[in-house]
Amino acid sequence: MAEYRYDPAEIEQRWQQVWADEGTWEASNDFSDGQQTSYVLVMLPYPSGEPHIGHLKVYSVGDAVAHFHRRTGRRVLNPMGYDAFGLPAENHAIKTGQHPRDSTDIAIAEFRRQFREWGMSIDWTREFGTHEPRYYRWTQWIFLELFNRGLAYQKQAAVNWDPVEETVLANEQVIDGRGERSGALVEVRQLKQWFFRITDYADRLLEDLDTIRWPEHVKTMQRNWIGRSEGAEVVFRCEELEIDYPVFTTRPDTLFGATFFVMAPEHPDVLRLAEGTEHEAEVRQYVNRSLTDDTQLRGDIDKEKTGVPLGRTVTNPVNGEQLPIYVADYVLMEYGTGAIMAVPAHDERDYAFAKAYDLPIRRVIEGPDDEFPYSGDGTLVDSAPEFDGLHNRAALEAIVRWLEREGKGHSSVNYRLRDWLISRQRYWGTPIPIIHCPACGAVPVAEQDLPVLLPDIEDYKPRGRSPLATAEDWVRTTCPQCRGPAQRETDTMDTFVDSSWYFLRYCDPDNERAPWDPNIVARWMPVDQYIGGVEHAILHLLYARFFTKALSDLGHLPSDLQEPFSALFTQGMILRDGDKMSKNKGNVISPTTIVERFGADTARAYILFIGPPDQDADWSDSGVEGMNRFLGRLWRNAAEAADELPDHPIPDEINDDDERLLRKTHWAIDKVTSDMSDRFNFNTAIAAVMELLNEVTPVKRGDASPGAVRFALSTAASLLFPFAPHTATDAYHLLTGERVWEQPWPDADQAWLERPTFELVCQVNGKVRDRAQAPSDASKDELLALCRQAPRVRAHLDGRDVVKEIVVPGKLVNIVVR
RNA sequence: GCGGGCGUGGUGGAAACGGUAGACACGCCGGCUUUAGGUGCCGGUGGCGCAAGCCAUGGGGGUUCAAGUCCCUCCGCCCGCACCA
């Protein structure tokens with residue numbers, strides 16, 4: 001017997017050459033043939049160092065989907081780019097002096113090399129990095145579009161300042177009071193910053209979640225983040241100073257239970273209200289302490305409630321009562337109006353405060369017991385004759401109607417979502433295309449002057465302001481409106497701005513007159529299948545949705561394009577011994593090592609085989625070897641059959657081995673197809689191909705005809721193609737002389753899926769006692785009879801009364817005895 | 001505290017519907033081939049038991065002819081949000 005040696009290095013290199021030479025994976029923007037399209041997109045990588053195993057996993061998933069879509073008749077857009085602006089490259093520059101552009105371009109070259117080495121079916125003609133002027137020119141253009149429509153604006157605000165990165169951060173980038181990247185406790189600073197008005201879109205961002213096929217937990221996270229609550233705004237008046245203080249409450253039904261009123265320490269009126277009262281000094285002290293307090297500590301829910309009275313009162317609009325005003329740090333300036341009515345009987349926090357300061361507690365809703373606080377539903381009591389006795393839900397509406405009639409309040413909706421703070425005091429990002437003119441204010445750079453190029457500078461270190469400020473020649477400019485001397489904006493944009501529209505640019509990447517041609521975008525968008533990590537559940541995925549809606553409203557996208565990603569899949573991490581891989585732990589396994597040793601196909605197929613791709617999976621060195629053995633076995637069987645078995649068709653008269661093999665082959669087609677269709681069950685799909693190959697080996701030595709063996713092997717290769725494209729291509733080519741990627745996805749023949757007989761499970765009292773071969777078309781009575789005849793069943797029926805008989809056709813019979 | 005997810009052999013994991021628990025693979029055991037092998041091939045492998053059989057999907061309870069799957073409850077782990085009025 002000849003020796004057939006599986007040589008993945010040679011096979012992979014050879015086919016990659018063909019794909020590169022022929023541009024096999026390029027997707028044309030000529031849609032005249034009317035072919036169905038599919039946009040399969042994996043989140044673009046941040047190019048730093050070199051790809052890790054997580055990249056290999058996510059792109060293997062994406063590539064499998066792309067290949068499956070292609071072979072089931074769709075034209076697939078599967079592009080690649082790089083999210084190339086960002087802090088790591090800049091921090092590296094501060095340390096080494098190497099320009100971030102240079103280190104980034106080196107990393108990109110390595111990513112590109114490895115993606116090619118992995119054999120990913122990417123359309124390389126559409127590649128770009130978000131740091132290239134031909135890209136960020138349009139990021140700036142989009143900024144100006146938003147600016148011109150009032151969706152980008154500057155305001156002085158309390159913002160999150162990361163003292164390590166020396167820049168502000170968006171709310172979404174602060175995790176447990178710490179900077180997302182640095183882990184440093186963020187400080188609050190009052191600064192003038194650029195924002196995008198994402199809050200205008202809160203309702204649509206919430207509602208449209210119902211229209212997309214995303215994992216439920218991601219949708220839930222977005223809903224929580226947006227944090228919509230319905231309630232009412234109620235006006236409390238300070239008579240002494242003649243000022244109205246509106247508060248937001250979700251429980252206007254408890255208005256009669258309000259016994260005091262609380263303002264946040266940041267509330268601009270706190271000091272003014274306390275002025276001239278006996279509490280002034282104490283209030284001043286409390287406010288100062290709160291503002292300098294650790295934000296994290298202050299946010300701790302278990303922290304004891306503290307506060308100070310202001311020495312003033314407000315009027316409860318429903319009953320005219322005078323409620324003492326307190327300042328307390330459990331009230332947040334960022335939410336609602338920065339002031340609340342306090343109802344200790346029916347709110348946990350107000351109750352804790354009332355207990356600590358010995359304030360009255362008044363029940364206005366009946367509860368199941370006398371316990372306070374009670375936040376559930378019940379009958380309204382001790383409120384007003386017109387509302388007492390109503391269920392609190394009904395009372396809520398009645399009270400709001402009353403407030404509206406009296407002009408003392410109205411129903412209202414509040415959100416947790418804040419506007420998106422996009423300015424960063426850092427170098428390596430897209431410059432904000434604004435010019436500050438002493439006379440004209442913030443003036444947009446003219447469209448024909450885009451891009452505003454990022455200047456080269458000497459020192460990248462941020463010193464409380466953007467390093468761009470040191471590029472004085474660059475900063476100094478003239479005002480586009482009045483031609484007077486003016487200064488450029490020196491902040492750059494959050495890199496999440498860059499990645500909020502890249503999926504649109506892929507559609508039309510070389511367009512020099514516009515960010516994209518809406519007609520082309522209309523053909524590809526929305527993305528049919530988006531794939532990436534859950535860590536972007538809120539940040540990137542919320543921002544990209546906002547951009548899509550805003551750009552659609554501005555007329556730059558089709559009006560029906562409201563969501564960028566119709567379907568989302570979030571992949572799990574690859575762990576090692578149950579731990580994250582990290583350089584610190586020294587347990588990193590690099591894709592290069594695996595690819596060098598076993599080939600890309602082994603690495604890719606193993607990662608997909610290890611378990612469901614949305615779950616975390618533990619890496620196993622011996623597991624990889626097993627996959628390498630399987631691919632080698634498939635390839636050798638194919639090579640051997642191609643050489644040694646005559647290329648005859650399957651004979652009309654088939655023997656038992658042929659039949660067995662053909663049934664298994666069609667079963668495998670059916671299994672892999674359904675595992676791939678709406679699911680991501682790659683692990684079981686690969687297992688099915690293994691089962692098929694396991695069936696070929698013994699049969700080959702038996703009586704199977706050459707045609708049947710060749711058919712089984714070429715089908716196995718064809719089914720494996722999305723997971724191990726090179727090996728599958730080569731095996732298929734050896735057997736058929738054809739290119740598997742040009743072949744349609746195999747079709748399972750129903751006739752071979754149905755069997756003339758099946759194994760009938762015979763149960764007594766729900767326990768399996770025996771099995772019997774039964775004709776597939778047997779009647780219920782026949783199945784029952786077969787079961788009763790089975791020897792082990794008879795033993796268990798002996799001398800007992802049959803109570804009940806259950807027949808499940810095609811499956812089992814259960815006889816219940818006593 | 002609220003919301004979501006998960007818990008199956010020595011290991012990773014199978015089992016859309018309630019209907020043969022453990023597919024496929026790793027590991028392990030045995031055999032054959034090989035000068036040798038980190039190769040290839042064949043067989044075995046949830047636990048207890050000689051066997052008939054019994055036990056087994058985190059624990060307990062329930063519904064059902066039948067439960068990994070449905071319901072209740074408890075335990076453990078993971079993720080998100082968290083003084084949001």
Side-chain angles (χ1 to χ4, degrees), chain A residues 1 3 5 175-176 215-225 227-229 231 247-251 254 262 264 298-303 305 328-332 334-343 346-350 352-353 375 414-417 534-535 537-538 606 609-612 614-630 632-633 636 671 674-675 678-679 681 683-691 693-694 697-698 701 759-771 792 795 803-808 810-817:
Chain A
M1 205 197 345
E3 278 291 315
R5 204 175 72 85
I175 317 286
D176 292 335
E216 211 40 57
H217 68 279
V218 177
K219 290 190 187 183
T220 306
M221 282 163 73
Q222 293 216 349
R223 286 189 191 108
N224 289 343
W225 189 261
R228 181 181 204 272
S229 12
V247 302
F248 175 73
T249 176
T250 54
R251 297 295 303 273
T254 64
V262 190
R298 188 181 150 187
D300 188 351
I301 188 166
D302 297 323
K303 204 191 80 165
K305 300 275 179 289
D329 66 4
Y330 81 92
V331 173
L332 309 173
E334 312 85 87
Y335 190 78
T337 62
I340 62 152
M341 65 167 198
V343 184
H346 304 294
D347 181 279
E348 220 171 298
R349 299 148 301 175
D350 298 343
F353 191 83
S375 55
N414 239 282
Y415 302 90
R416 210 187 81 99
L417 182 71
V534 236
E535 64 273 18
I538 294 171
Y606 171 66
F609 179 65
I610 193 167
D614 53 342
Q615 286 172 29
D616 290 351
D618 215 59
W619 181 269
S620 143
D621 290 331
S622 48
V624 188
E625 288 174 31
M627 180 53 71
N628 192 242
R629 283 200 291 273
F630 164 67
R633 194 155 62 238
R636 277 195 311 279
K671 173 75 179 149
S674 71
D675 280 348
D678 346 274
R679 294 180 279 174
N681 294 0
N683 53 335
T684 50
I686 293 170
V689 181
M690 287 175 169
E691 280 194 59
L693 185 64
N694 290 346
T697 331
R701 271 190 288 275
E759 191 175 67
L760 177 71
V761 171
C762 306
Q763 296 181 332
V764 177
N765 285 350
K767 295 201 164 163
V768 182
R769 295 302 176 185
D770 214 333
R771 289 146 216 267
R792 313 258 283 280
V803 185
K804 199 167 183 177
E805 291 160 331
I806 313 280
V807 181
V808 183
K811 286 254 154 110
L812 58 75
V813 173
N814 185 17
I815 300 173
V816 186
V817 296

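Below, chains carry the letters A, B, ... as their sequence lines are ordered, and counting in each starts from 1.
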| task | Check whether more than 12 heavy atoms from other residues, nucleotides or ligands sit under 6.0 Å from atom CD of E691(A), and answer yes or no. | result | yes

| request: Using only side-chain N and O atoms of R223(A), determine if any of them is under 4.0 Å from OP1 or OP2 of rG4(B). | output: no

| So, for A264(A) and V331(A), which heavy atoms are closest and what is the spacing to 0.1 Å? | CB-O, 3.2 Å

| So what does P698(A) touch, heavy atoms closer than 4.0 Å: a base, only the sugar-phosphate, or nothing? | nothing

| said: Side chain of R633(A) only, heavy atoms from C-beta on: which candidate in rC26(B), rA85(B), rA25(B) is closest? | reply: rA25(B)

| said: From C-beta outward on S622(A), which listed nucleotide comes closest to its side chain: rC26(B), rG19(B), rA85(B)? | reply: rC26(B)

| Closest-nucleotide 5' rank along RNA chain B - winner of Y330(A) and G623(A) | G623(A)

| said: Counting only side-chain heavy atoms from C-beta out, which of rA85(B), rA15(B), rA21(B) sits nearest to V768(A)? | reply: rA21(B)

| Worked check of side-chain contact (heavy atoms from CB on, under 4.5 Å) between V624(A) and N628(A) | CA-CA 6 Å; V624(A) 188; N628(A) 192 242; 5.7 Å; no

| R633(A) side, atom CZ; N694(A) side, atom CG - distance, nearest 0.5 Å | 6.0 Å

| Reckon S229(A) has a side-chain N or O less than 4.0 Å from the OP1 or OP2 of rA85(B)? | yes

| request: Look at all strands and tell whether F609(A) reaches a base, only sugar-phosphate, or nothing, counting heavy atoms closer than 4.0 Å. | output: base

| 5' priority, RNA chain B, between A687(A) and Q615(A) [closest heavy atom] | Q615(A)

| request: Could you give the distance separating rG49(B) and rG4(B) at their P atoms, to the nearest angstrom? | output: 45 Å

| Minimum-distance nucleotide to L332(A) side chain [options: rA85(B), rG19(B), rC41(B)] | rA85(B)

| Less than 3.5 Å between a donor and an acceptor, one on the side chain of R679(A) and one on the base of rA16(B), is that the case here? | yes

| request: Would you confirm whether D770(A), through its side chain, and R792(A), through its main-chain N or O, come within 3.5 Å as a donor-acceptor pair? | output: yes

| message | Rounded to whole Å, how long is the line connecting atom CG of N681(A) with atom C1' of rA23(B)? | response | 13 Å

| message | With rounding to the closest Å, how many angstrom separate the P atoms on rC48(B) and rG10(B)? | response | 10 Å

| said: Between rG1(B) and rA15(B), how far apart are the two C1' atoms, rounded to whole Å? | reply: 37 Å

| request: Give R792(A) one of three labels, base, sugar-phosphate or nothing, depending on what nucleic acid heavy atoms sit under 4.0 Å from its own. | output: sugar-phosphate

| query | At their closest point, which heavy atom of I610(A) faces which heavy atom of D618(A), and how far apart are they? | reply | CD1-O, 3.0 Å

| task | Considering only atom P, compute the distance from rG43(B) to rC26(B) and round it to an integer number of Å. | result | 14 Å

| message | Taking only the C1' atom of each, what is the distance from rC24(B) to rC74(B) in whole angstrom? | response | 35 Å

| said: Can you identify which nucleotide, out of rA23(B), rA85(B), rG80(B), has its nearest atom closest to the T684(A) side chain? | reply: rA23(B)

| message | Please find the pair of heavy atoms, one from V343(A) and one from D350(A), that lie closest to each other, and give the distance. | response | N-OD2, 2.9 Å

| query | So what does G336(A) hit on the nucleic acid, given a heavy-atom distance under 4.0 Å: a base, only sugar-phosphate, or nothing? | reply | nothing

| task | Let me know the distance between CG of N814(A) and P of rG19(B), rounded to the nearest Å. | result | 13 Å

| field | Distance, P atom - from rG13(B) to rC65(B), rounded to whole angstrom | value | 36 Å

| task | Name the nucleic acid region contacted by K767(A), choosing base, sugar-phosphate or nothing; use a 4.0 angstrom heavy-atom cut-off, strictly under. | result | sugar-phosphate

| said: rA82(B), OP1 or OP2 - any side-chain N/O from R416(A) closer than 4.0 Å? | reply: yes

| field | C1' spacing across the pair rU45(B) / rA23(B), given as an integer number of angstrom | value | 15 Å

| said: Between the base of rC81(B) and the side chain of N224(A), is one N or O donor paired with an acceptor at under 3.5 angstrom? | reply: no

| task | Look at all strands and tell whether R769(A) reaches a base, only sugar-phosphate, or nothing, counting heavy atoms closer than 4.0 Å. | result | sugar-phosphate

| request: Take the angle between the ring planes of Y330(A) and F353(A) and call it parallel below 30°, perpendicular above 60°, tilted in between. | output: tilted

| request: For V331(A), report the nucleic acid contact type (base, sugar-phosphate, nothing); a contact means any heavy atom under 4.0 Å. | output: base

| query | Using the P atom in both, what is the distance from rC2(B) to rA21(B), to the nearest Å? | reply | 39 Å

| Protein-nucleotide distance (L812(A), atom CG; rU64(B), atom C1'), rounded to Å | 14 Å

| request: Could you check whether E348(A) gets within reach of a base, just the sugar-phosphate, or nothing at all, counting any heavy atom under 4.0 Å? | output: nothing

| salt bridge (Lys or Arg N to Asp or Glu O under 4.0 Å) evaluation trace for E216(A) with R223(A) | CA-CA 10 Å; E216(A) 211 40 57; R223(A) 286 189 191 108; 3.4 Å; yes

| Below 4.0 angstrom from OP1 or OP2 of rC26(B), is there any side-chain N or O of R629(A)? | yes

| task | Tell me what V761(A) touches on the nucleic acid: a base, only sugar-phosphate, or nothing, going by heavy atoms under 4.0 Å. | result | base

| message | Only Watson-Crick and G-U wobble pairs with both distances less than 3.5 Å should count. Give RNA chain B in dot-bracket notation, marking inter-strand partners with |. | response | (((((((..(((......[....)))((((((.......))))))(((....)))..(((((..]....))))))))))))....

| Nucleotide nearest H217(A) (side chain, heavy atoms from C-beta), chosen from rA23(B), rC24(B), rG4(B) | rG4(B)

| query | What does N765(A) touch in the nucleic acid at a heavy-atom separation under 4.0 angstrom: a base, only the sugar-phosphate, or nothing? | reply | nothing

| note | Whole-Å distance, I610(A) CD1 to rG27(B) P, equals 14 Å

| request: Indicate, with a heavy-atom threshold strictly under 4.0 Å, whether N683(A) touches base, sugar-phosphate, or nothing. | output: sugar-phosphate

| message | What is the distance, to the nearest angstrom, from the NZ atom on K811(A) to the P atom on rG18(B)? | response | 11 Å

| request: Quick one: label E805(A) by what it contacts on the DNA or RNA (base, sugar-phosphate, nothing), any heavy atom closer than 4.0 Å. | output: nothing

| If anything within 90° of 0 is syn and all else is anti, what is rG22(B)? | anti

| Heavy-atom closest contact (K305(A) atom, A352(A) atom, distance) | CG-CB, 3.9 Å

| Whole Å only: how far is the CG atom of D350(A) from the C1' atom of rA85(B)? | 7 Å

| Of the nucleotides rG3(B), rA85(B), rA25(B), which has the atom closest to the T220(A) side chain? | rG3(B)

| note | With sequence neighbours left out, the residues meeting side-chain hydrogen bond (donor to acceptor under 3.5 Å, both in side chains) with R251(A) are D253(A)

| request: Enter syn or anti for the glycosidic conformation of rC72(B), syn applying to angles within 90° of 0. | output: anti

| request: Mind checking N694(A) for me? I need base, sugar-phosphate or nothing, with any heavy atom below 4.0 Å counting as a touch. | output: sugar-phosphate

| query | Donor-acceptor pair, D347(A) side chain versus A342(A) backbone, under 3.5 Å? | reply | no

| What integer distance in Å separates E216(A):CD from rG4(B):P? | 10 Å

| query | Whole Å only: how far is the CE atom of M627(A) from the P atom of rG27(B)? | reply | 13 Å

